[in-house]
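Each chain gets a letter, A, B and so on, in the order its sequence line appears, and its residues count up from 1.
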2 protein chains.
Amino acid sequence: MAKTHKAIHTPGLEGALDRLEHLCRARGQRLTRQRRAVLSSLLSAGRALSAYELLERLRPEDGKSTPASVYRSLDFLMTLGVVHRLESTRSFIACEHPETPHWVQFLICRRCGQVVEAEDERIAAATESLGQRLGFALDQRVVELTGVCEGCRGSAARH
Amino acid sequence: MAKTHKAIHTPGLEGALDRLEHLCRARGQRLTRQRRAVLSSLLSAGRALSAYELLERLRPEDGKSTPASVYRSLDFLMTLGVVHRLESTRSFIACEHPETPHWVQFLICRRCGQVVEAEDERIAAATESLGQRLGFALDQRVVELTGVCEGCRGSAARH
DNA sequence: GAGTATTTGATACAAAGTATCATTAACCAG
DNA sequence: CTGGTTAATGATACTTTGTATCAAATACTC
C-alpha cells in the first residue's frame, strides 16, 4: 500500500519519547506522565502550539492539567533541549534534532504557520563573533525569521 | 563646569522628535501628542520598557493614557522604524539609528538589562541567504542575543 | 514495597495585549 | 485662524499569556 495518506502514527514519536527517557535518566531527572504527554502532544501536533492550545489538547486525556503545570513541563523540556519556545509567536515547538546541543534558527511562514528549524553555521559564527566584538558572553540566541514560504507564495498568488 | 553629572536633557531627544515629525509628514501620518510622548519617554528612559512601565511613566504627564492607547502608539512608532520591540523580553526600545531602513540585532545583558542595537552585515547576509535557501521570502527578522556584558562580568565577579 | 524528595493540582492572581464605539483633536483648505 | 473631515484617542471591558503558593500525589532509590 502506497504511503499516500497522512501517517496516523506520528513518525519518530516513539524515538523521541525514548530519547526523553534517556535524557532524564542521564541527568537524574524524573520522567513524569505529564512531561511525556506534553512532548507527545507537541510532536503529534506537528506545528507550534501556544501553551493554552497545548492545554486544550491535553485535557481530554488528562483532565487535571492546568496552565501552571503545562508551563512547568514546557520549561523542563526546554532545559533538556527537546522543546523550543518561539518568542515572536509566543508558542512552543518540539525540537527536530535534539541529538546535538545546538543553536538553532527558526523560519516561520506567516501564511500557513509552518516552522522550519535550521542550524546554520554562518549565522552561528556571525552571532558569536558579534557578541565577542561587543563584549557579550552570550548564553541565549533568538533567531526567528518570518516571511512567506515557497508553497504559500506559489499557491495563493495574491490574496 | 565639567560634565560629571548625568545630563538632565536627554541628548538627541530633540533631534529624534524632529525626525519623527519629518517621518510623519513625509508619509502623511499624524503626529499626535501621545505619539511624541511615547517616543520621548522611551528615549529618556534610555533602556527597554514594557508597555505597562511606559504607561506608568506617561500617567503623571497625561493621566488619560490607557494600555490600548500606548500599544497603538508603539505600533505606529514601530511601523516608522523609530521604536523596536524586543520579543524575548516583551519590551520596547527607541531605535538608536533610525536614519536608514535596516535589519538590526540586539544584544541584551541579562544582568544589567543594557540593550545594544547592532547592524551586522554578516548576520544580515547569512539570514537572508538562509531564507533563500529554504524558500522563504523574509519580511521580519528577530535576532536577540542574550548574555552578560563586559561591565557586568568585570564588576560582580561571581554572584 | 516503603521512604523521600520532587512534581503536580488547585486556586488565585499578575502581566501583556486587544476589541469596540463614542468623543476628540490633528491637519488641510480656505 | 477658523472650520470641516478623518484619523486617533478615551473609556470600558475583555482575552491571552504566564506565575505564586502550598497541600496532596507520585516517580525513583533502596
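Side-chain atoms of A:Arg153 come within 3.5 Å of backbone atoms of B:Gly135 as a donor-acceptor pair (strictly under, hydrogens ignored). Without hydrogens or angle criteria, A:Ser41 side chain to A:Val38 main chain gives no donor-acceptor distance under 3.5 Å. Put simply, the side chain of A:Arg59 gets close to the backbone of A:Ser65: a donor and an acceptor are under 3.5 Å apart.
B:Leu74 and B:Leu20 fall within the same hydrophobic cluster, where Ile, Leu, Val, Met, Phe, Trp and Tyr residues are linked whenever their side-chain heavy atoms come under 4.5 Å apart, directly or through other members. When hydrophobic clusters are built by joining Ile, Leu, Val, Met, Phe, Trp and Tyr residues whose side-chain heavy atoms come closer than 4.5 Å, directly or via intermediates, A:Phe106 is not grouped with A:Leu138.
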Next on the checklist: How would you summarise protein contacts on nucleotides 18-30 of chain C per nucleotide, using B for base, S for sugar-phosphate only and - for none, with heavy-atom distances below 4.0 Å?
Outcome noted: BBB----BBS---
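As rounded to whole Å, 12 Å separates atom P of D:dT17 from atom CG of A:Leu54. Between the CG atom of B:Leu49 and the P atom of C:dA16 there is a distance of 12 Å, given to the nearest Å. At whole-Å resolution of the value, CD in A:Gln34 and C1' in D:dA27 are 14 Å apart. One interatomic measurement links the two molecules: CG of B:Leu55 to P of C:dA15, which rounds to 13 Å at whole-angstrom precision. Rounded to an integer number of Å, the gap from CZ of A:Arg35 to C1' of D:dT26 is 12 Å. In this structure, the CG atom of B:Leu80 is 14 Å from the C1' atom of D:dA8, given to the nearest Å. Separating the CD atom of A:Glu21 from the C1' atom of D:dA27 is a distance of 12 Å, rounded to the nearest angstrom. Rounded to a whole Å, the CD atom of B:Glu87 is 12 Å from the P atom of D:dG18.
Contact annotation: the side chain of A:Leu80 approaches that of A:Arg27 to within less than 4.5 Å [non-hydrogen atoms, C-beta and beyond].
Distance from the side chain of B:Thr66 is smallest to D:dT12 among C:dG9, C:dG17, D:dT12. Minimum atom distance to the side chain of B:Ser73 is reached by D:dT9, of the listed D:dT9, C:dG17, D:dG18.
Residue pairs meeting the salt bridge (Lys or Arg N to Asp or Glu O under 4.0 Å) criterion with at least one member in residues 134-149 of chain A, sequence neighbours excluded: A:Glu128-A:Arg141, A:Asp139-B:Arg110.
The phosphate of D:dG10 (OP1 or OP2) has a side-chain N or O of B:Ser69 nearer than 4.0 angstrom. Contact check, B:Arg90 against D:dG18: a side-chain N or O comes under 4.0 Å of OP1 or OP2.
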